[in-house]
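Heads up, the thing below is written out as structure tokens.
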Amino acid sequence: MDLKPGSRWKSAVCDAQLVVVRPPKTAGELQCGGAAVVPIDDPVAPSGSIDAAFADSVAIGKRYVDEESGLEVLGAKPGKGSLAFNGAAMTIKGAKPLPASD
């Protein structure tokens, strides 16, 4: 799985679509809903069931990160499955604090 910056992916089990913002430092598998994601141009429609452990959903416009590998992806279309990298759940990236204005 070649997770290059700007590459687009979709879930194999729900409607979620993703864009890679920052690639991982190590090779691995990006998953959504417990199943590996597929390239955006793959003609196969989402099918199968979402793993209950990965059913927290993907939100549009949110960035998801895997701290260990450095992978960062952007939710381009919402879906019912949640994201994982090599089986480890990804978290929503928090906003950077603004500098104090004195």
Side-chain angles (χ1 to χ4, degrees):
M1 181 173 285
D2 193 14
L3 299 171
K4 295 180 184 176
S7 62
R8 297 193 57 182
W9 302 85
K10 66 180 181 178
S11 173
V13 295
C14 70
D15 293 330
Q17 292 183 6
L18 317 160
V19 177
V20 175
V21 176
R22 185 174 298 129
K25 297 172 192 161
T26 57
E29 181 178 77
L30 177 59
Q31 303 157 331
C32 182
V37 297
V38 294
I40 194 75
D41 56 2
D42 190 310
V44 178
S47 64
S49 60
I50 296 171
D51 184 334
F54 297 102
D56 291 334
S57 77
V58 170
I60 190 168
K62 296 290 183 184
R63 290 179 183 233
Y64 295 84
V65 294
D66 177 60
E67 298 293 338
E68 187 176 320
S69 69
L71 174 64
E72 183 175 333
V73 298
L74 174 69
K77 185 176 178 184
K80 293 183 179 182
S82 59
L83 301 176
F85 185 68
N86 287 338
M90 296 178 71
T91 58
I92 293 179
K93 184 176 182 178
K96 289 182 181 180
L98 295 174
S101 59
D102 294 349

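Just the heavy atoms: all of them, side chains too, but no hydrogens, waters or symmetry mates, feed the values below.
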Could you pull out every donor-acceptor pair under 3.5 Å between side chains of residues 13-23 and any protein atom, sequence neighbours left out?
{"residue": "Gln17", "atom": "OE1", "partner": "Arg8", "partner atom": "NH2", "Å": "3.3"}
{"residue": "Arg22", "atom": "NH1", "partner": "Glu72", "partner atom": "OE1", "Å": "2.9"}

Please list every donor-acceptor pair under 3.5 Å in which a side-chain atom of residues 39-58 meets a protein atom from a residue at least two apart or in another chain.
{"residue": "Asp42", "atom": "OD1", "partner": "Val44", "partner atom": "N", "Å": "3.0"}
{"residue": "Asp51", "atom": "OD1", "partner": "Ala53", "partner atom": "N", "Å": "2.9"}

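For Lys25, there are no side chain to side chain contact (heavy atoms under 4.5 Å, CB included) partners at least two apart in sequence or on another chain. Under the side chain to side chain donor-acceptor pair (under 3.5 Å) criterion, Thr26 pairs with no residue, sequence neighbours left out. Residues passing the side chain to side chain contact (heavy atoms under 4.5 Å, CB included) test with Asn86 are Glu29, sequence neighbours excluded.
Through ILVMFWY side-chain contacts below 4.5 Å, Val65 is grouped with nothing and stands alone.
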Check your understanding: Can Leu3 and Phe85 be said to form a side-chain contact (heavy atoms from CB on, under 4.5 Å), step by step?
Key -> CA-CA 11 Å; Leu3 299 171; Phe85 185 68; 3.8 Å; yes
Check your understanding: Can you check side-chain contact (heavy atoms from CB on, under 4.5 Å) on Ile92 and Tyr64, steps first, answer last?
Key -> CA-CA 4 Å; Ile92 293 179; Tyr64 295 84; 3.4 Å; yes
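Transitive grouping of hydrophobic side chains (ILVMFWY, heavy atoms separated by less than 4.5 Å) keeps Leu83 and Ile60 in distinct clusters.
One finds the CE atom of Met90 at 11.5 Å from the CZ atom of Arg63 (value rounded to the nearest 0.5 Å).
The 12-atom threshold is exceeded at NZ of Lys93, counting heavy atoms of other residues, nucleotides or ligands nearer than 6.0 Å.
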